[in-house]
Amino acid sequence: QVSLVESGGGSVQTGESLKLSCTTSGLAYRSNCLGWFRQVPGKEREGVAAVSTVGGTTSYADSIKGRFTISHDAAKNTFLQMDDLRPDDSATYYCAADLIPPYQCASGSWHPGPAGYWGQGTQVTVSS
């Protein structure tokens, strides 16, 4: 059984940092792409960052480039280091996993398909 559990969210002030973690289980050969998405009420869920576990290629949304860093470990847990946070980074952050070609994972437009997996989300609030 596959499980993705996010942690590390919280409330911070502008300019501060947070590190999100996504602890996974059961992925094994079911995924080669890990990523983070975020959503605010009334808006669509948007991709933030993705990393291919085959080769380590990463992609980032333009809005967070240079401030956020995605990584993963051998157990296919994924992490999102978020620095210089801004109020418009406030959202519920979700981790996701999927089994897709590496070039698609790094394309910047990946969203998990029907066979993909989602965590339950963790809230990040940045105050000015």
TODO: Can you sort out the partners of D62 under salt bridge (Lys or Arg N to Asp or Glu O under 4.0 Å), two or more places apart, ordered by chain and number?
DONE: K65

Open item on the list: Filter on side-chain hydrogen bond (donor to acceptor under 3.5 Å, both in side chains), then keep only pairs touching residues 50-61, sequence neighbours left out; what's left?
Closed with: none

Open item on the list: How close do L34 and H72 get, counting heavy atoms only, and between which atoms?
Closed with: CD1-CB, 3.8 Å

TODO: State yes or no: do Y117 and V48 share one hydrophobic cluster built from I, L, V, M, F, W and Y residues joined by side-chain heavy-atom distances below 4.5 Å, directly or via other members?
DONE: yes

Task: CG-CZ distance between L99 and R30, expressed to the nearest 0.5 angstrom - done: 10.5 Å

Task: A91 backbone acceptor or donor facing Q39 side chain under 3.5 Å - done: no

Task: Single-linkage hydrophobic cluster, 4.5 Å side-chain cutoff, W36 and I100 together - done: no

TODO: Mark yes or no for whether Q81, through its side chain, and T69, through its backbone, hold a donor-acceptor pair below 3.5 Å.
DONE: no

- [ ] Report the distance from atom NZ of K76 to atom SG of C33, rounding to the nearest 0.5 Å.
- [x] 10.5 Å

Task: Interatomic distance, T24 atom OG1 to L4 atom CG [nearest 0.5 angstrom] - done: 6.0 Å

Only distances under 3.5 Å count here; give the side-chain donor-acceptor pairs of residues 14-21 to other protein atoms, sequence neighbours excluded, each with its distance to 0.1 Å.
unit_1: T14; atom_1: OG1; unit_2: S127; atom_2: O; d: 3.0
unit_1: E16; atom_1: OE1; unit_2: Q13; atom_2: N; d: 3.0
unit_1: S17; atom_1: OG; unit_2: D83; atom_2: OD1; d: 2.8

Task: Separation of F68 CZ from S63 OG (nearest 0.5 Å) - done: 7.5 Å

Task: Inter-residue atom distance L80.CG - I70.CD1, 0.5 Å rounding - done: 6.5 Å

Task: L85 side, atom CG; S90 side, atom OG - distance, nearest 0.5 Å - done: 8.0 Å

Open item on the list: Through direct or indirect side-chain contacts below 4.5 angstrom among Ile, Leu, Val, Met, Phe, Trp and Tyr, which residues connect to F79?
Closed with: none

Open item on the list: Going by side-chain hydrogen bond (donor to acceptor under 3.5 Å, both in side chains), name the pairs with one or both residues in residues 92-110, residues two or more places apart or in two chains.
Closed with: R38-Y93, T92-Q123, D98-W110, S107-S109

Open item on the list: Restricting to salt bridge (Lys or Arg N to Asp or Glu O under 4.0 Å), what partner residues turn up for R67, sequence neighbours left out?
Closed with: D89

